[in-house]
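One structure below.
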Amino acid sequence: MNRTFWKRYVGDRSFYQGLFVLIFPMIVQQGITNLVNLLDNLMVGSLGTAPMSGVAIVNQLFFVYNMTLFGMNSGVSIFGAQFYGSGDYKGMRNATRLKLVTSVVITVGFIAGLTAFGPQLIGLFLHETANDAASMALTLENAVDYLKILLWGFPPFMMVMVYSGTLREAGDTVTAMIAGVVAIIVNLTGNYLLIFGHFGFPQMGAAGAALATVISRWVEMTILMVYAHKNEAKFPFFAGVYKSMRVPLDLCKKVAITGSPLILNEILWSAGTTFVNQNYSLRGLTAVAASNITQTCWQLFTIIMFAMGGGIAIRVGQQLGAGDIEQAKDTDNKMMFFNLVMHILIGSLLVVTAPWIPHLYNTEPAVRDLASQMLMVAGAALPIHAYIHGAYFTIRSGGKTVITFLFDCGFTWVASVPISFVLARYTDLPMVAIYAAVQFADAIKLFAAVPMLRSGFWAKNVVNELEEK
């Protein structure tokens, strides 16, 4: 490496110490969450392929709700991080109120929609074939039972997202980690007791997994809210947040202009991703089960990727809010390079371990074999996805949400959805080939992401622009 490259892309010890302090709590929280999701998956999977597939289908529907809520909160969080960077606690309080109001509307809408149309939506993922026709009714039954209970966890999940996001905007990633770890312990214990009926508890199967999840979310919400309001001296933006739900019109307009593309992006991206999975399901329950195993394990190997995305949003967003534009660019260069190098190594590890991971599941050999092949593809594509993920949060941190809209969900509907739709319906290609085509299609984004990041056009202080207007 020459000196210029080293200076631009590689930080010193203090840089990596600061980065470690920032992302380590998120890595721990996300790591434990994903590990428990894996154990959750294994516990439900031990009941058979049908219960595992039923839970996986419902989780696809929950994923759309999750990302819609995430999109709304992220649209406001662009301003929250920069308000904090500029020391404007009143602005942060208003941003928190806006997140609360919009999150309630989204949550009520999803609960109503899934209550009314849940079975029909689940049915879109069930395609009868000669090999798995007998499992269809059992899969649907498990999915419906799981969904009915899971809906009770939507309100606390909403509050966790609002409070943990606001705390992270203020640089506090530890509290959410602690609350998450406690909730995970509750969830894992509940799974053991309620799925299998140990120590006198009812044996509820997949429904028990849903109930354990709901209980853990209420616990997590309680911890976060109590801590935030017990420490209002440290977090003054929480003081009086419920005295009024009025939000300044200027902030609403700015979020509508800047944040709407981001919000719409998450809705359309999650819907597109779910549609891609629905296309995969045309290959039968074997494909549904293998996709579930692949996605669960993929989440375990993308812990650092998601933590780095959150870290970029916080660190770069705060520096932009403080008006330190050049420092924000320098920080982003170093974080992006670190992110890429890490995921070349992590992706290689996934490829190497892929043949053995599916053997942890109590399922058919055909499901294991397909999952192994899909995991190898996922590992090979991981560095591409890691770079794109970091680029997304970089561009978003400066309020360039129209571009992120085109970059993310626009590409999903223009490329990923049509590729999976055509290949699944009009070809005889095996499932792994369809999956590979979708995963590596994202490489096209590199031709736009690399020049955009190098240009630095994204580095803007949106808070100053709001005040000037």
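Numbers for residues simply follow the sequence, beginning at 1.
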List the residues meeting ring pair (Phe, Tyr, Trp, His ring centres under 6.0 Å) with F62, not counting sequence neighbours, and say none if there are none.
Y65, F154, F157

Residues which pass ring pair (Phe, Tyr, Trp, His ring centres under 6.0 Å) with F63, listed by chain and number, not counting sequence neighbours:
W269

With side chain to side chain donor-acceptor pair (under 3.5 Å) as the rule and sequence neighbours excluded, what pairs involving residues 142-156 come up?
none

For Y16, all residues meeting ring pair (Phe, Tyr, Trp, His ring centres under 6.0 Å), sequence neighbours excluded
F338

What pairs with Y392 under side-chain hydrogen bond (donor to acceptor under 3.5 Å, both in side chains), at least two apart in sequence or on another chain?
N265, E266

Which pairs with one or both residues in residues 94-105 pass salt bridge (charged side-chain N to carboxylate O under 4.0 Å, His left out), sequence neighbours excluded?
K99-E169

The side-chain hydrogen bond (donor to acceptor under 3.5 Å, both in side chains) partners of N66 (sequence neighbours excluded) come to none

Listed by chain and number, what are the side-chain hydrogen bond (donor to acceptor under 3.5 Å, both in side chains) partners of E232, not counting sequence neighbours?
H229

Once ring pair (Phe, Tyr, Trp, His ring centres under 6.0 Å) is applied, do any residues pair with F20, and if so which ones, sequence neighbours excluded?
F24

Checking K445 now: which residues fulfil salt bridge (charged side-chain N to carboxylate O under 4.0 Å, His left out) with it, not counting sequence neighbours?
D408, D442

Partners of T273 by side-chain hydrogen bond (donor to acceptor under 3.5 Å, both in side chains), sequence neighbours excluded?
none

If you look only at pairs with a residue in residues 237-247, which of them pass as a side chain to side chain donor-acceptor pair (under 3.5 Å), with sequence neighbours excluded?
Y163-Y242

